[in-house]
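A quick write-up on the structure given underneath.
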Amino acid sequence: MTIRLYDTDARQIRDFVPLTAGCVSIYLCGATVQAAPHIGHIRSGLNFDIMRRWFDYRGYDVTFIRNVTDIDDKIIKKSAEQGRPWWAIGYENERAFNAGYDALGCLPPTYEPRATGHITEMVEMMRGLIERGHAYEADGNVYFDVRSYEGYLQLSNQDLDDLRQPSGDGETGKRDQRDFAMWKAAKPGEPSWETPWGRGRPGWHLECSAMAHKYLGTAFDIHGGGIDLIFPHHENEIAQAKAFGDEFAKYWVHNGWVTMSGEKMSKSLGNSVLVSEMVKAWRPIVLRYYLGTPHYRSMIEYSEEAMREAESAFARIEGFVQRVVEKAGPVEAAAEVPPAFAEAMDDDLGVPQALAIVHTTVRQGNSALAADDKEAAVARLAEVRAMLGVLGLDPLDPHWAGESDRGEDLHGVVDTLVRLVLDQRQSARERKDWPAADAIRDQLNQSGLVIEDSPTGPRWTLGPR
């Protein structure tokens, strides 16, 4: 089946037809590194990690670019507020973003360019746009003339006459207030670079147009990002790139927000949940399950209750995996995922529908274990591992092998203590004192432990919160 994706520009789901057979090129708007990431930031990278993994599974050679915006108004403002160099703030937060991506099992991009490393490419693009009559210099700023590009606002489906273009301080000399800044004239104490129009720094939109051109050429397959980037960022990227002569992106794919109390998660609203804190409170693989399993275009309303539900759901999957491995030893992932799973993923990355196939297969595997059908249980685990691998959620993957569960440092101590209690329970069972045995089990359950009787003896795990 052909992979199909929702194209924001076309406003419909389209068959994916690559520009080059067997290859797919993806540009994702990555981090603006003015602060450490919250889970809303990381969701975008995770959603496109799943897309990238699915293209890999389908046999495509993937080139995946995820940029870093390391200079913009917000970073400069933070620098002034904190009395620290802009580049120190940017680098510190870039590392925090990469730590977050890595903690949640995102594969590294093919290239991860920084904006400040591509000033030359930006100057070349501005020069070309000025020569073609699409841009102009005024007071050391360089602006894009929005009326010069006929397709402007097609992506966001707005009317130019009703447009209110966001503007920053110092943006003087505009011919039309709807024109946007590609280059901003230098201000005292701010970072700047030399250009034919004087010293200054890049505008946010120019950075991505220039970097996409540098790494993916005049045309590429997919441009991605959050829905909040459709306007003005992506709209302005398109205008610059196409007016310059590039075909630019063939498909536009946007992910939904993570919200709290119905509002987009945002530091400015004071409702963000930092990734660095979340992975201390929750296992990273559970956080990946929570953020990655809703459909990428849906909104996620964050709450601790929702996290606990995700933890419980993943525990059912993980418990099945552990039980089969205990009974049969290591099981390799199947070469192919079940057809129903593939059909769901091909249809606009339908992860919720695909996940339903995972849980159905787990239930079948548990039934096989209950019937002592080792062969069937192993076959189901092989399928489950193949599906979880595509989602980046295989608990047996080396990335998660060293993952610490809650209290991992005390695991040995807890195990010794629990074993003493389980020995008491076993003694009660042997003398057929079933009420005493059940009471011990219930007390352990109340303390957060789940006790399961297996052919090799009782085993314990931490239950959901």
Side-chain angles (χ1 to χ4, degrees), residues 29 31-35 67-90 93 114-149 152-153 156 158 160 162-211 228-229 231-241 243-244 266-268:
C29 284
T32 299
V33 288
Q34 87 273 12
N67 78 293
V68 175
T69 297
D70 60 341
I71 186 69
D72 84 333
D73 293 341
K74 294 178 182 178
I75 296 171
I76 293 171
K77 182 180 178 182
K78 291 276 186 174
S79 175
E81 291 172 349
Q82 299 177 17
R84 299 174 60 206
W86 63 271
W87 43 263
I89 292 172
N93 292 313
R114 296 189 184 105
T116 56
H118 298 80
I119 302 298
T120 299
E121 289 82 1
M122 296 179 206
V123 170
E124 290 175 353
M125 182 166 279
M126 285 188 290
R127 182 183 288 114
L129 289 169
I130 290 173
E131 291 173 352
R132 292 170 174 81
H134 293 290
Y136 58 95
E137 182 273 339
D139 301 334
N141 301 294
V142 178
Y143 299 110
F144 186 90
D145 180 354
V146 297
R147 288 192 176 275
S148 72
Y149 175 62
Y152 192 57
L153 300 181
S156 56
Q158 298 184 76
L160 184 59
D162 297 330
L163 180 66
R164 296 293 180 268
Q165 184 80 258
S167 294
D169 293 337
E171 294 186 11
T172 60
K174 285 186 179 182
R175 297 173 184 171
D176 186 319
Q177 286 305 304
R178 290 165 293 196
D179 295 345
F180 62 86
M182 294 191 294
W183 191 260
K184 301 186 178 186
K187 296 179 183 178
E190 291 188 354
S192 63
W193 289 262
E194 190 62 62
T195 75
W197 313 283
R199 295 191 66 84
R201 60 182 175 86
W204 176 30
H205 318 302
L206 178 65
E207 297 171 348
C208 283
S209 296
M211 287 186 284
D228 52 318
L229 300 182
F231 181 84
H233 186 48
H234 290 167
E235 197 72 79
N236 292 351
E237 276 189 69
I238 292 170
Q240 292 164 152
F244 184 68
S266 167
K267 289 184 177 62
S268 63

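- The closest side-chain heavy-atom distance from N93 to Q34 is not below 4.5 Å.
- In this structure, M122 CE and T195 OG1 are separated by 12.0 Å, a value rounded to the nearest 0.5 Å.
- M182 has its side chain out of reach of S209: every pair of non-hydrogen atoms, C-beta onward, lies at least 4.5 Å apart.
- The backbone N or O of D70 sits nowhere less than 3.5 Å from a side-chain atom of R114 that would complete a donor-acceptor pair.
- Note that CG of L206 is 9.0 Å distant from CE of M211, once rounded to the nearest 0.5 Å.
- With sequence neighbours excluded, the residues forming a side-chain hydrogen bond (donor to acceptor under 3.5 Å, both in side chains) with Q158 are S156, listed by chain and number.
- We find the CD1-CZ distance between I71 and R201 to be 6.0 Å, quoted to the nearest 0.5 Å.
- No donor-acceptor pair under 3.5 Å is formed between the side chain of N67 and the backbone N or O of C208.
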Review point. Is there a side chain to side chain contact (heavy atoms under 4.5 Å, CB included) between H118 and E207 once you walk through the steps?
Key: CA-CA 8 Å; H118 298 80; E207 297 171 348; over 6 Å; no

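- Not a single donor-acceptor pair under 3.5 Å links the side chain of D139 to the backbone N or O of N141.
- Under a 3.5 Å cut-off, the side chain of R178 and the backbone N or O of L160 do form a donor-acceptor pair.
- Considering OG1 of T32 and NE2 of H233, their distance stands at 7.5 Å, rounded to 0.5 Å.
- In this structure, D73 and K184 have side chains that are in contact, with non-hydrogen atoms separated by less than 4.5 Å.
- Considering only heavy atoms from C-beta on, T116 stays 4.5 Å or farther from W87 through its side chain.
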Practice item. Test side chain to side chain contact (heavy atoms under 4.5 Å, CB included) on D176 and D145 and set out the steps. Key: CA-CA 8 Å; D176 186 319; D145 180 354; 5.8 Å; no

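- In summary, of the residues considered (W183, F144, F180, F231), a ring pair (Phe, Tyr, Trp, His ring centres under 6.0 Å) with H205 occurs for F180 alone.
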Point to revise | side chain to side chain contact (heavy atoms under 4.5 Å, CB included) evaluation trace for S148 with R132 | key: CA-CA 10 Å; S148 72; R132 292 170 174 81; over 6 Å; no

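- In plain terms, the two heavy atoms of V123 and P196 that are nearest each other are CG1-CD, 3.8 Å.
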Check your understanding: Going through the checks in order, is the side chain to side chain contact (heavy atoms under 4.5 Å, CB included) test met by R127 and I130?
Key -> CA-CA 5 Å; R127 182 183 288 114; I130 290 173; 5.9 Å; no

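- W204 places none of its side-chain heavy atoms less than 4.5 Å from the side chain of N236.
- Rounding to the nearest 0.5 Å places CE of M126 at 8.0 Å from CD1 of I119.
- Checking side-chain atoms of S79 against main-chain N and O of R84 turns up a donor-acceptor pair under 3.5 Å.
- The side-chain tip of R147 does not point at the ring of Y152 from less than 6.0 angstrom away and within 45° of straight on.
- Taking OH from Y149 and CG from L129, the interatomic distance works out to 11.5 Å, rounded to the nearest 0.5 Å.
- When the shell of 6.0 Å around NZ of K74 is examined, it contains 12 or fewer heavy atoms from other residues, nucleotides or ligands.
- With sequence neighbours left out, the ring-ring contact (aromatic ring centres under 6.0 Å, His included) criterion links H134 to no other residue.
- The number of heavy-atom neighbours closer than 6.0 Å to CH2 of W193, taken from other residues, nucleotides and ligands shown, is above 12.
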